[in-house]
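Shown next, in structure tokens, is the structure this report addresses.
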Amino acid sequence: LLIVWMLVIFMFSAQNSTVSSSVSEGFSYRLFSVINPDFKTMSAEEQATFLESIMTPIRKLAHFTLYFILGFIASGLFVTIKNRGMLLKSAVSWGVCVLYAISDEIHQYFVPGRACAVFDVFIDSLGAVLAVVLFAVAICVIKPLKKYKNFK
């Protein structure tokens with residue numbers, strides 16, 4: 001599952017700037033059509049201006065979300081390592097995500113119209129670390145609860 005999700009991220013990163021922007025704009029258009037009924041009544045020019053104003057936050061949220069999912073999957077995989085503490089398992093999970101984020105940005109450098117952005121690695125790392133921490137906390141809370149016979 002970890003490799004499959006890495007391939008999903010790779011495929012998004014392999015899109016040139018025109019395709020990537022189109023995907024982001026299409027997603028944003030559908031999202032705001034649902035959550036803001038007034039959006040559909042705007043003129044095409046007003047919609048375009050609005051979408052342009054929120055495109056950067058939407059794209060950064062996409063980075064955060066993709067790597068949050070990657071962090072969660074990595075945590076699920078590395079928690080199975082025997083005879084190691086949760087801190088080490090979490091560090092390995094997060095480290096894998098950060099290294100992949102760095103390699104992904106380097107990959108984007110070679111895609112037409114895309115760039116290698118250190119800030120994106122930071123956003124990716126934040127998404128991953130949040131998932132890893134939440135996963136570790138959940139494991140540390142659930143494991144002691146399972147010792148009680150009535151907990152199922």
Side-chain angles (χ1 to χ4, degrees), residues 1-36 39 50-152:
L1 188 58
L2 183 69
I3 292 170
V4 168
W5 194 251
M6 287 175 162
L7 288 172
V8 167
I9 293 171
F10 183 87
M11 289 188 319
F12 278 120
S13 297
Q15 296 172 337
N16 65 37
S17 60
T18 304
V19 174
S20 180
S21 293
S22 176
V23 168
S24 296
E25 288 169 11
F27 172 80
S28 298
Y29 181 86
R30 287 188 294 283
L31 176 68
F32 285 100
S33 293
V34 171
I35 64 172
N36 183 2
F39 182 76
F50 175 75
L51 289 175
E52 185 178 318
S53 72
I54 55 112
M55 199 52 53
T56 298
I58 292 289
R59 292 178 75 89
K60 299 310 172 193
L61 182 60
H63 271 267
F64 184 90
T65 303
L66 288 169
Y67 279 85
F68 179 89
I69 294 168
L70 185 67
F72 195 81
I73 294 169
S75 294
L77 174 65
F78 293 114
V79 77
T80 63
I81 297 172
K82 302 286 184 204
N83 301 324
R84 297 289 183 242
M86 184 55 77
L87 184 61
L88 179 61
K89 294 173 186 182
S90 297
V92 169
S93 299
W94 186 64
V96 165
C97 294
V98 171
L99 289 174
Y100 192 71
I102 292 167
S103 71
D104 185 51
E105 288 302 315
I106 292 168
H107 164 240
Q108 284 186 50
Y109 178 78
F110 299 101
V111 176
R114 302 292 295 269
C116 179
V118 174
F119 186 69
D120 285 349
V121 173
F122 177 72
I123 296 291
D124 300 341
S125 299
L126 284 178
V129 77
L130 179 61
V132 168
V133 167
L134 290 176
F135 191 94
V137 167
I139 292 295
C140 291
V141 168
I142 291 170
K143 202 172 187 179
L145 289 176
K146 284 188 172 181
K147 291 181 181 178
Y148 294 102
K149 292 180 182 179
N150 294 333
F151 183 76
K152 296 185 185 203

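The structure places CG of N83 at 11.5 Å from CG of L88, a figure rounded to the nearest 0.5 Å. The line from CG of L99 to CG of D104 is 12.5 Å long, rounded to the nearest 0.5 Å. Atom CD of Q108 and atom CZ of F12 lie 12.0 Å apart (nearest 0.5 Å). A distance of 8.5 Å separates NZ of K60 from CG of D124, quoted to the nearest 0.5 Å. One distance of note links CD1 of I69 with CZ of F64; it measures 11.0 Å at 0.5 Å rounding. Note: S24 OG to L61 CG = 11.0 Å, rounded to the nearest 0.5 Å.
Closest non-hydrogen pair, M86 versus C140, comes out as CG-SG, 4.1 Å. Shown here for L51 and S28, the closest heavy-atom pair between the two residues is CD2-CB, 3.7 Å. Looking at every heavy atom in both residues, S13 comes nearest to V111 through O-CG2, 3.5 Å. Between V19 and N16, the closest heavy-atom pair is N-OD1, 2.9 Å. Closest non-hydrogen pair, R84 versus K89, comes out as O-CE, 3.0 Å. Taking both residues in full, the closest heavy atoms of G76 and V79 are given as O-CG1, 3.3 Å, listed atom of the first, atom of the second, then distance.
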Evaluation steps, side-chain contact (heavy atoms from CB on, under 4.5 Å), between I9 and Y67: CA-CA 9 Å; I9 293 171; Y67 279 85; 3.5 Å; yes
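Taking 4.5 Å as the limit, every side-chain heavy atom of L130 sits out of range of all side-chain heavy atoms of L126. Between L77 and I73, every side-chain heavy-atom pair lies at or beyond the 4.5 Å cut-off. At least one side-chain heavy atom of E105 sits less than 4.5 Å from a side-chain heavy atom of C116. Side-chain contact between M6 and V96: present, with at least one pair of heavy atoms (C-beta onward) separated by less than 4.5 Å. Under the 4.5 Å side-chain criterion, counting only non-hydrogen atoms from C-beta, F68 is in contact with L134. Looking at heavy atoms from C-beta onward, L70 lies in side-chain contact with L2 at the 4.5 angstrom threshold. Counting only heavy atoms from C-beta outward, the side chains of L66 and W5 approach each other to under 4.5 Å. R59 is listed as a side-chain neighbour of S20, based on a closest heavy-atom distance under 4.5 Å.
The number of heavy-atom neighbours closer than 6.0 Å to CD1 of I35, taken from other residues, nucleotides and ligands shown, is above 12. In the displayed structure, F72 atom CZ is contacted under 6.0 Å by at most 12 heavy atoms of other residues, nucleotides or ligands. More than 12 heavy atoms of other residues, nucleotides or ligands shown are found within 6.0 angstrom of CG on L7.
Counting only distance, with no hydrogens or angles, the side chain of S22 and the backbone of T18 share no donor-acceptor pair below 3.5 Å. Of the possible polar contacts, none joining the R114 side chain to the A14 backbone as a donor-acceptor pair under 3.5 Å is found. With W94 contributing its side chain and G71 its backbone, the two residues share no donor-acceptor pair below 3.5 Å.
Ring geometry, F32 versus F50: the interplanar angle exceeds 60°, so the pair is classed perpendicular (tilted spans 30 to 60°).
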